[in-house]
Amino acid sequence: MESEPIITPLIAIVGVTASGKSKLAMQLAERFDGEIICADSRTVYKGMDIGTAKPSKKDQKAITHHLLDIINPDETFNVREFKQLALDAIHSVAAQDKLPILVGGTGLYIDAILFDYQFSPAGARRSLHNPRHLKYQELTAYQRPLRTNSLVIGLSQSKDQLQVRVKERVEAMFHKGLINETKTLVQKYGWEAPGLNTIGYREWQEYFAGRQTLEQTQDLITLRSLQYAKRQRTWFKRNNSIHWVDDPMKVVDLVTTFLNKKQ
RNA sequence: GCAGGGUUAGUGAAGCGGUCAAACACGGCAGACUGUAAAUCUGCUGGCUUAUGCCUUCGUAGGUUCGAAUCCUACACCCUGCA
């Protein structure tokens with residue numbers, strides 16, 4: 001199943017939150033007749049639209065997006081499932097003679113595809129250091145070669161830019177009714193649901209409990225998003241296969257060259 | 001005006017004569033990451049510099065003491081009670 005005929009060209013777009021990945025992906029998909037595969041651990045959840053900045057219905061109608069809304073917020077998901085699903089999606093896109101574009105900020109998911117992660121058998125030992133981690137494989141990260149026929153593009157952004165963009169994005173989420181979306185989700189699934197442990201949602205807990213103002217909630221979400229971006233930056237930093245660009249316009253050339261070379 | 005309480009590093013907050021460059025939390029910086037990853041975990045966070053080193057900090061100015069963030073005096077600002 002996992003033996004992909006490694007000839008399918010793949011474009012991957014990475015970057016921290018609010019860096020403009022989705023928009024760029026749309027442009028590329030339109031331009032190069034592609035379909036988007038979302039490598040995002042949060043947009044897989046149904047009903048979590050505003051808080052995850054999920055691609056709009058309009059965008060989804062214009063371009064096929066894979067791996068969106070595939071599970072309920074009270075269900076769990078993991079890299080292994082992701083890898084299988086994403087691989088399937090890549091194949092089906094390629095089978096239609098279209099260009100698969102892998103987009104997302106979940107570094108682990110991206111790398112599972114890019115570096116063909118091999119997962120431990122069930123019952124693997126947990127790391128003493130961090131119980132949430134399974135004991136390390138024999139291979140160190142990035143020791144494996146990058147998936148052949150892949151172009152990895154990273155959207156870089158200065159910290160100042162990022163700060164502004166995140167602030168605006170969170171503001172927009174509030175206007176779109178993030179509070180109601182959260183309320184609905186909590187009523188339906190409860191705070192314990194895996195999906196609710198997400199920036200943009202869990203911060204409302206204190207607000208609903210009356211221990212936090214609306215403004216404080218908004219500031220907190222902005223802060224947590226920025227901290228998240230920091231972690232993403234650290235993750236991507238060590239992957240030197242990424243072609244970092246600060247101007248989305250330059251990407252078209254990159255992709256064109258990449259596709260021509262492959263013919 | 002009188003009587004109390006307070007002023008500590010970016011923020012909040014411990015400390016109440018030596019073992020204090022000063023707990024802890026948050027924030028910040030850096031890092032990790034192969035079945036929870038928008039999660040989880042680790043290190044650093046006064047300066048110099050990286051040493052069982054030096055220097056400068058605990059409202060301001062003095063004083064007591066071998067030794068003060070810790071005691072005393074004065075001043076400044078803040079809060080509370082009585083006027």
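A quick note: this is a predicted structure, and the numbers were derived from the prediction, not measured. Order of the sequence lines fixes the chain letters, A, B, ..., with proteins taken first and strands second; residue numbering starts at 1 for each chain. The figures here come from the full heavy-atom set of this structure, side chains too, leaving out hydrogens, waters and symmetry mates.
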Gap between atoms CG and P, on A/Leu108 and B/A38 respectively (whole Å): 8 Å
Interatomic distance at C1', B/C66 relative to B/C82, whole Å: 45 Å
A/Tyr109 ring center near A/Trp235 ring center (under 6.0 Å): no
Any strand: nucleotide that pairs with B/G4 via Watson-Crick or wobble, under 3.5 Å: B/C79
Side-chain N or O of A/His133 closer than 4.0 Å to phosphate OP1/OP2 of B/A32: no
Nearest-Å distance once atom C1' is located in both B/U50 and B/U40: 31 Å
A/Arg202 CZ - B/U40 P separation (whole Å): 6 Å
Pairing of A/Lys176 and A/Asp49 as salt bridge, 4.0 angstrom limit: no
Watson-Crick or G-U wobble partner of B/G31, both distances under 3.5 Å: B/C41
Length of the line joining A/Gln227:CD and B/A30:C1', which is rounded to integer Å: 14 Å
Spacing of the C1' atoms in B/C26 and B/G4 (rounded, Å): 32 Å
P gap between B/C75 and B/A68, integer Å: 24 Å
A/Asp116 with A/Lys83: basic N within carboxylate O range, under 4.0 Å: yes
Mate of B/C24 where both pairing distances stay under 3.5 Å, Watson-Crick or G-U: B/G12
Distance, rounded to the nearest Å, where A/Gln232 contributes CD and B/A38 contributes P: 7 Å
Closest nucleotide among B/A38, B/A32, B/C29 to the A/Asn130 side chain: B/A32
Nucleotide B/G28, atom P - distance to CZ of A/Arg231 in whole Å: 11 Å
Nucleotide opposite B/A68 in a Watson-Crick or G-U pair, distances under 3.5 Å: none
Residue matched to B/G46 through Watson-Crick or wobble contacts both under 3.5 angstrom: B/C55
Side chain to side chain contact (heavy atoms under 4.5 Å, CB included) involving A/Ala229 - partner list, sequence neighbours excluded: A/Val16, A/Thr17, A/Leu162, A/Gln232
Under-4.0 Å side-chain N/O to phosphate OP1/OP2 contact, A/Ser41 with B/U36: no
Pairwise P distance, B/A76 and B/A61 [rounded to whole Å]: 15 Å
